[in-house]
Amino acid sequence: MPGVATNDPGVGDEGDGQLTLGVEDARRAVRGARARVRKAKPKAQAERLPVARVVVDKGLVHLDRLFDYSVPAKLAEVAQPGVRVRVRFGAKVVDGRRQGGGLIDGVIVERVERSTYGGPLAPLASVVSPEIVLAPPMIELARAVADRYAGSLADIVQLALPARHARAEAEPSGEPLIRPAPPPPGPWTRYPTGTAHLAELTAGDSPRTVWTALPGPYWPDEIARAMAATLAGGRGALAVVPDAKSVERVDAALTALLGRGRHVALTSGLGPEERYRRWLAINRGSVRAVVGTRAAMFAPVVELGLALVWNDGDDSHADLNAPHPHVREVLAMRAAREHAAFTVGGHATTVEAAQLVRSGWARPLDADRAAVRAAAPLVRTTGSDLDLARDEAARAARLPSLAWDVARKALQTGPVLVQVPRRGYLVRTSCLRCREPARCAHCSGPLELPSGDGVLTCAWCTRPAPHWRCRVCGGERIRAGVIGARRTAEELGRAFPTVPVRTSGRDAILTTVPDLPALIIATPGAEPVAPGGYAAALLLDGWALLTRPDLRAGEQALHRWLDAASLVRPAGEGGTLVVVAESTLRPVQALVRWDPQGYALTELVERAELNLPPVSRMASVTGPPAGIADFLAVLRLPDGADVLGPVPVAPTTPRTPPPAPAKPDPRAAETRAELTRALFGDTPPPTREPARRIAPPTRHERVLLRIEPGRGAELAHALKAAQTLRLARAAGDPVQIRIDPPDIG
DNA sequence: AGCACGCCGACT
DNA sequence: GTCGGCGTGCTC
């Protein structure tokens with residue numbers, strides 16, 4: 001619609017002739033339009049396309065239907081597809097008149113000539129603003145993502161749209177900037193096809209690549225250059241990275257390359273106003289380059305030319321909210337729909353990325369072996385055998401002698417990174433003699449060593465176990481398996497008393513550390529960058545990462561090691577990496593050979609043989625046994641799909657933690673006590689348990705569904721149909737559907 | 001999910 | 001006779 005482009009705030013009648021309104025005028029116009037509509041009980045419908053199909057963001061979102069509303073003549077022009085509206089929803093018709101029904105938010109998906117709904121249509125209550133926040137291509141994407149993940153359109157719309165902020169919307173977003181000159185290839189010259197790839201992006205081609213980044217600190221710059229090359233060709237670019245720290249680094253690289261104002265960063269840390277301001281600048285085409293975390297995957301970059309995801313194996317790329325769309329999948333869908341280039345990059349290669357190459361959908365973008373060797377540190381492996389540690393201090397710090405030697409030497413030339421498992425201070429325990437895991441005598445839960453004095457405590461029932469004895473061999477001495485960051489820091493500090501020790505973890509993340517001798521203890525993902533590279537890194541979490549009973553344990557261990565290893569100086573400059581893990585394990589060998597692609601490919605072949613994802617498509621359904629049984633009875637599974645299970649699982653943690661049991665109001669208790677005394681004297685009445693509203697911890701079951709490659713859509717569709725059917729009649733225990741479950745054993 | 005209609009027990 | 005329990009079904 002011509003009058004309602006970008007930031008023109010005109011609302012309602014084009015006939016007003018008020019096309020250049022001030023903010024206040026616009027507000028008044030909106031209020032006026034609303035008031036008129038409400039009062040006039042609009043008999044006057046829009047002449048053209050009088051029906052608006054609306055996705056409402058409340059109510060029966062599970063049913064995933066659009067609702068038709070009549071478009072009042074006053075809103076005929078402004079009620080375009082993609083604008084936010086307010087509608088009455090949930091009203092009852094009592095002898096021909098609507099009653100009740102609250103105003104809820106929605107977005108117009110399309111305007112049509114007539115409704116397929118039999119009943120009378122309610123009118124749109126108002127158009128919130130003329131801003132087109134969800135243009136038809138975005139709606140189509142949302143629809144496709146919802147289908148892919150067996151979710152509803154409303155779910156995706158909610159993920160894709162930031163909260164509106166009126167003040168931010170009233171501001172102009174600035175003129176689209178002149179396209180920059182193509183950037184020099186910089187570090188991309190280290191890749192045989194790097195320069196050519198940038199040229200393709202600038203030329204308007206849309207290559208799809210799986211980029212295995214060389215070790216070293218250059219990847220933010222490489223991402224920025226790929227984005228700049230795309231901008232130089234007149235198209236927009238979007239990069240999604242796992243965390244705010246990475247956003248900062250790419251942001252800085254973009255600023256160095258493009259200056260300020262041509263790009264924008266989207267992170268969850270922004271306030272609502274600033275978030276919406278930046279989002280609008282993108283939506284209005286004022287900014288064409290975007291770097292952000294997960295939620296930015298839906299950023300409405302105008303004329304998208306490149307969609308890039310960095311480190312697609314990182315957990316944070318799977319959305320926390322149902323239906324849990326994954327950045328890699330969404331960006332791949334966007335790239336295909338919007339004819340944009342697509343890059344999945346990282347130091348590691350995921351099995352999913354390897355499959356994109358193997359299927360021919362994408363091509364590799366890597367360096368040759370010589371370049372890898374020139375950039376990677378020397379990788380050495382060692383067992384965790386402490387008995388071999390000659391040095392008393394090393395033994396105390398639980399450092400294998402190799403790690404000790406390497407660290408001591410490296411500390412003469414620079415900082416040393418120590419990667420430890422997450423989970424702060426807790427220590428898993430086992431029998432020192434026979435390695436049987438130490439378990440609670442009461443409930444068989446795992447015993448842990450909390451901070452400080454270290455009294456063994458059960459992780460499940462919290463009972464202390466001061467006099468533990470091994471059930472198998474009768475041993476009485478405990479072996480601490482995984483040591484958290486804080487404790488490691490303490491112990492290393494004692495082992496290297498002259499060197500400063502700093503930690504970086506979940507709660508306090510360091511971004512950079514100076515190029516000075518220091519021990520930097522960090523958990524995976526929280527490793528600070530040393531500008532000149534670490535002199536050495538010790539990866540102490542080998543078995544913690546590898547013993548997880550997860551299909552992806554090996555892949556994730558390799559991913560974390562490679563990320564840490566990429567911060568170390570090249571071998572030629574003395575950079576050394578020590579990984580404490582069994583050297584025959586495949587991920588360890590892949591690290592030593594620096595061969596993430598080979599590892600991913602081997603893994604992919606194996607998954608294909610075992611009919612495992614991502615070659616086969618899987619979904620899980622979780623819930624109480626009765627719900628699962630009922631769901632399966634209702635489910636019309638496509639031919640050839642497998643049903644695995646159901647098997648019991650730990651109850652799924654609700655998305656929002658259940659509210660703490662309401663504290664009884666002391667006054668109410670007092671009154672009740674008084675009443676009780678009055679009625680029964682001093683003898684308390686027989687306590688009758690009030691009807692328990694809180695269900696006892698129900699046992700949950702999970703069933704896995706599997707279907708052959710290429711038929712994932714059928715499976716998702718069938719699951720959604722069953723879910724919809726059950727929800728529509730509100731029958732039985734609810735179950736949760738998850739496409740591509742992340743944690744299959 | 002709300003919210004209203006509906007058809008059976010304890011109160012004025 | 002009415003008030004109200006929450007079982008069932010709809011929401012443009």
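Note: hydrogens, waters and symmetry copies are ignored here, and every other heavy atom, side chains too, is used. So that the names make sense, note that chain A is the first sequence line, chain B the second, and so on, each numbered from 1.
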Between C1' of C:dC12 and CD1 of A:Ile104, the distance in whole Å
10 Å
A:Ser115 and A:Val51: which non-hydrogen atoms are nearest, and at how many Å?
N-CG2, 3.8 Å
Find the distance A:Arg53:CZ to C:dC12:P and express it as a whole number of Å.
14 Å
Heavy-atom pair of closest approach, residues A:Val109 and A:Val55:
CG2-CG1, 3.7 Å
What's the CZ-P distance between A:Arg65 and C:dC10, to the nearest Å?
10 Å
Tell me whether the ring of A:Tyr117 lies stacked over the C:dC12 base, given a 5.5 Å limit on centroids and a 30° limit on the plane angle.
yes
Between C1' of B:dA1 and CZ of A:Phe89, the distance in whole Å:
10 Å
Nearest whole angstrom, please: distance from the P of C:dT11 to the CG of A:Asp68.
12 Å
Residue of the set A:Glu169, A:His165, A:Arg167 for which side chain to side chain donor-acceptor pair (under 3.5 Å) holds with A:Tyr276:
A:Glu169
Could you tell me whether A:Tyr69 contacts a base, only the sugar-phosphate backbone, or nothing, with contacts defined as non-hydrogen atoms closer than 4.0 Å?
sugar-phosphate
Starting at CG of A:Asp57 and ending at P of B:dG2, how long is that distance when rounded to a whole Å?
12 Å
Of the non-hydrogen atoms in A:Ile739 and A:Leu719, which two are nearest, and what is the gap between them?
CD1-CD1, 4.0 Å
Tell me the interatomic distance from A:Leu103, atom CG, to C:dC12, atom P, rounded to whole angstroms.
12 Å
Whole-Å distance separating the CD atom of A:Gln45 from the C1' atom of C:dC12
13 Å
